[in-house]
Amino acid sequence: MSVEHTESSAAAAAPAPSDFIRDIVAKDLAAKRYEKIVTRFPPEPNGYLHIGHAKSICLNFGIARENDGQCHLRFDDTNPVKEDVEYVDSITADVNWLIAGWADHCLGLKSKGAHPVRQVVNGREDFHMPAVLESEIRNPKSEITAESFFASDYFEPLYHFATTLIKKGKAYVCDLSPKETDEYRGAPDRPGRESPWRNRSIEENLDLFQRMRAGEFPDGARSLRARIDMASPNVWLRDPLLYRIRHVAHHQAGDEWCIYPLYDFAHCLSDYIEGITHSVCTLEFEVHRPLYDWMLENLDLPRPRPHQYEFAQLNLSYTILSKRRLLQLVQDKLVNGWDDPRLPTLSGVRRRGIPASAIRRLATIVGVTKYDSVTDVALFEHAVRDELNAIALRRLAVLRPIKLVLTNIAPGEVIEVDATDNPQDENPTTRKVPFTREVFIESEDFAELPPPKYFRLKPGGEVRLKYACIIKCDEVVKDPAGNITELRCTADLSTRSGGANADKKVKGTIHWVSASHALDAEIRLYDRLFTVAEPGATDDFKKFINPHSLDVVTAKLEPSLRNATPGQRFQFERLGYFALDPKDSAPGKLVFNRTITLKDTWAKGGKP
RNA sequence: UGCCCGAUAGUGUAAUGGUAGCACGAACGACUCUGACUCGUUCUGUCUAGGUUCGACUCCUAGUCGGGCAGCCA
């Protein structure tokens, strides 16, 4: 039995990509600015990952693997009210799936339960927590178990850094309400006003901040703010908030805290603590970069500082790539959960049968720029087909069967024919497929009144049954209502492979399944979820949902498919690529998801 | 009407002052026991106007168009 390949050789042999961020990394390495390149993928655990995130994962892990570096998986979990361990688990699984066999050796993890340790470097205070060495994780004698990084592991150092800023007169406790803070901030084209609490003494700030932590004040009563410039044209520099009060438990840190740091304070310092060198994020954070640099500069940190670089996030035509909107589709039950195969979530595309290698190929194809583009989903579909073509086992399946009787084959006679598992292989393996008097063929493959250039079966016409022989249609049998109930044909067994007339040519070759051997299976036929190219262009994206995005049929399969394993991918010849659904299949119950159709130039343009 | 960023075939990208190339897509053709794959041919492009230069997709100026930023979200 042939074993499925894990990655096409084309993808494996592809040259390392080049882009403006990789150029910067290469220059930094050449200038010996860093000893080792360390990147990070920092999701907030508040939703499922999708192929937009995959672009970022491929970039960050790609940079790491091309430079013998590391990429940390870090949960940016600074806002407990939106987060949940459900998401931590799904994100962990998705990342591991995407990098498996490709960059898993670059995955940076920390030892379980570890927290950064306070140290003094060149007389300056520091917190550092590098990844555990891969050699230690792999060492069977090592007692280290590794886990992802969590920003919540840095709450204590972060609190300490905040205290340092207060002592330097660069942060203060502000008593303005959220609404007032908003009013004081001004607008992009109008400067803000300074908070009346901006000039509190260091002692008072220290005392108040400590009491914030101790839980003396209710949510929203006070905040800690950086003291920068309320007149800055960049609104993010107008005394941004560093800490807010939230009396809620944290999914990782438990009940220990009631003040939580905000992104702009936590992220740059988390990067620093972990020894990140290149902090890559999407374009909308461009205006935050001055703040990122401000934090690190004003804390006077002893080790090399990370730098932030921004790239354009992925947009795909006919696809929604927004956590918020995907959440709506799930909550409104317009799809069946986060792993619905119609969704662009990583769990969805995985369940659909799309290989991780195809996602990585998409990332390479779209590249990395600062141009806000919409990638034609056809580019993705090509990557999927190309990967699948190389690795998927060919099988015979009939989606919408009609019965065909070969009148010159005896009832009960079974002819075993050889079928190729994958013609793309250098030395393709074969399997035996039973061929009998009664077979099913695709109803689409017969036309009583054929259009011009129709290669398939028609009354009086000839066609080859793939791997078997050429047949001729003698009679069309109908019920009283005029529906075709069966086709009666004669088989020319001399045209079998190895037979006297094996080389006889006919225009059409069609697929079939022996009726007496056929397996019934539920097949889920997916089409794109949206009917318009840019469903996300307006807020009413739900109105563009394709009512035919899912069609379910009961198909007839060749018997060897009985042994299909969950997630295993096949090409049903002439139809497309299909994967056994890992969730709804059971012993004796086969459920297949159609990953994608084969390219079909006949259906598109040839068919009148 | 503030600040920041961007613009190369239909789509995505390359060319880092020196021949505008690649992939997808589309059309046509060849091959075919998958109307798939593969192969061949063709198609379409540097936002505009000035300037610097022997030479500009690339540098400068202005404009046009597009995107981002005013959460105690990330």
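A note on names: the letters A, B, ... follow the listed sequences, proteins ahead of strands, and every chain is numbered from 1.
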Rounded distance (Å) that lies between atom [atom2] of [N] and atom [atom1] of [X]:
{"X": "W602(A)", "N": "rG35(B)", "atom1": "CH2", "atom2": "P", "answer": "11 Å"}
{"X": "F311(A)", "N": "rG12(B)", "atom1": "CZ", "atom2": "P", "answer": "16 Å"}
{"X": "E286(A)", "N": "rG6(B)", "atom1": "CD", "atom2": "C1'", "answer": "9 Å"}
{"X": "H382(A)", "N": "rA36(B)", "atom1": "NE2", "atom2": "P", "answer": "13 Å"}
{"X": "K370(A)", "N": "rG6(B)", "atom1": "NZ", "atom2": "C1'", "answer": "9 Å"}
{"X": "L321(A)", "N": "rG12(B)", "atom1": "CG", "atom2": "P", "answer": "14 Å"}
{"X": "R361(A)", "N": "rG12(B)", "atom1": "CZ", "atom2": "C1'", "answer": "14 Å"}
{"X": "R569(A)", "N": "rA36(B)", "atom1": "CZ", "atom2": "P", "answer": "24 Å"}

For [N], which nucleotide is its Watson-Crick or G-U wobble mate, given both distances must be under 3.5 Å?
{"N": "rC31(B)", "result": "none"}
{"N": "rA26(B)", "result": "rU42(B)"}
{"N": "rC57(B)", "result": "none"}
{"N": "rU48(B)", "result": "rA62(B)"}
{"N": "rG2(B)", "result": "rC69(B)"}
{"N": "rA20(B)", "result": "none"}

Need one value for [X]: base, sugar-phosphate or nothing, where a base atom within 4.0 Å counts as base even if backbone is also close, heavy atoms only.
{"X": "R394(A)", "value": "base"}
{"X": "K323(A)", "value": "nothing"}
{"X": "Y371(A)", "value": "sugar-phosphate"}
{"X": "V235(A)", "value": "sugar-phosphate"}
{"X": "T420(A)", "value": "nothing"}
{"X": "K466(A)", "value": "base"}
{"X": "F265(A)", "value": "nothing"}
{"X": "E310(A)", "value": "nothing"}

Could you work out the separation of [N] and [M] based on their [atom1] atoms and round it to a whole Å?
{"N": "rG25(B)", "M": "rU58(B)", "atom1": "P", "answer": "31 Å"}
{"N": "rA9(B)", "M": "rU46(B)", "atom1": "P", "answer": "7 Å"}
{"N": "rU44(B)", "M": "rG21(B)", "atom1": "C1'", "answer": "15 Å"}
{"N": "rA26(B)", "M": "rU11(B)", "atom1": "C1'", "answer": "12 Å"}
{"N": "rC47(B)", "M": "rA15(B)", "atom1": "P", "answer": "16 Å"}
{"N": "rG10(B)", "M": "rG51(B)", "atom1": "C1'", "answer": "33 Å"}

side-chain contact (heavy atoms from CB on, under 4.5 Å) with R574(A): which of K466(A), R394(A), H511(A)? H511(A)

May I ask you to evaluate whether T601(A) reaches the phosphate of rA36(B), defined as a side-chain N or O under 4.0 Å from OP1 or OP2?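 Answer is yes, contact under 4.0 Å.
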
Any K507(A) side-chain N or O less than 4.0 Å from OP1/OP2 of rG35(B): no

Between [X] and [Y] (judged by ring centroids, cut-off 6.0 Å), do the two rings come close enough to count as a pair?
{"X": "Y467(A)", "Y": "F435(A)", "result": "no"}
{"X": "F265(A)", "Y": "Y243(A)", "result": "yes"}
{"X": "F572(A)", "Y": "F592(A)", "result": "yes"}
{"X": "F570(A)", "Y": "F578(A)", "result": "no"}

Nearest to the side chain of Y454(A), which nucleotide is it out of rG35(B), rG25(B), rC33(B)?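 Among rG35(B), rG25(B), rC33(B), the one nearest the side chain of Y454(A) is rG35(B).
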
Among rU16(B), rA70(B), rU34(B), the nucleotide that comes nearest once only the side chain of A187(A) is considered: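 Of all the options, the side chain of A187(A) is nearest to rA70(B).
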
Salt bridge or not between [X] and [Y]? Use side-chain N to carboxylate O under 4.0 Å.
{"X": "R400(A)", "Y": "E444(A)", "value": "no"}
{"X": "K82(A)", "Y": "E44(A)", "value": "no"}
{"X": "R185(A)", "Y": "D239(A)", "value": "no"}
{"X": "D418(A)", "Y": "K432(A)", "value": "yes"}

Over all heavy atoms of both residues, which pair between L388(A) and G353(A) is shortest? Give the atoms and the distance, please.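 Closest approach of L388(A) to G353(A): CD1-O, 4.1 Å.
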
Between I365(A) and A383(A), what is the shortest heavy-atom contact and its length?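 Here I365(A) and A383(A) meet closest at CD1-CB, 4.1 Å.
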
Short heteroatom pairs, N/O only, protein and nucleotides 71-74 of chain B, under 3.5 Å:
residue	atom	partner	partner atom	Å
rG71(B)	OP2	D182(A)	OD1	2.6
rG71(B)	OP2	R185(A)	NH2	2.9
rC72(B)	OP1	R185(A)	NH2	3.2
rC72(B)	OP2	R185(A)	NH1	3.2
rC72(B)	O3'	R246(A)	NH2	3.4
rC72(B)	O2'	R246(A)	NH2	2.9
rC72(B)	N4	L176(A)	O	2.7
rC72(B)	N4	P178(A)	N	3.2
rC72(B)	N4	G220(A)	O	3.2
rC73(B)	OP1	R246(A)	NH2	3.4
rC73(B)	OP2	R244(A)	NE	3.1
rC73(B)	OP2	R244(A)	NH2	2.8
rC73(B)	O3'	R244(A)	NH2	3.0
rC73(B)	O2'	N79(A)	ND2	2.9
rA74(B)	OP1	T78(A)	OG1	2.8
rA74(B)	OP1	R244(A)	NH1	3.3
rA74(B)	OP1	R244(A)	NH2	2.9
rA74(B)	OP2	Y263(A)	N	3.0
rA74(B)	O4'	E44(A)	OE1	3.4
rA74(B)	O3'	D76(A)	OD2	3.0
rA74(B)	N6	H288(A)	NE2	3.3

Working to the nearest 0.5 angstrom, can you tell me the gap between R464(A) CZ and K505(A) NZ? 8.0 Å

Could you check E573(A) against R385(A) and say which one's nearest nucleotide on RNA chain B is further toward the 5' end?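 Its nearest nucleotide lies further toward 5', so the answer is R385(A).
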
Syn or anti for rG71(B), taking syn as within 90° of 0? syn

Within residues 372-380 of chain A, find the residues that approach RNA chain B with a heavy atom at under 4.0 Å, and present them sorted by residue number.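 Output list: D372(A), S373(A), V374(A), T375(A), D376(A), A378(A), L379(A).
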
Should the heavy atoms of other residues, nucleotides or ligands under 6.0 Å from CD of E381(A) be counted, would the total exceed 12? yes

Hey, does the side-chain of R456(A) have a donor or acceptor N/O within less than 3.5 Å of a partner on the base of rG35(B)? yes

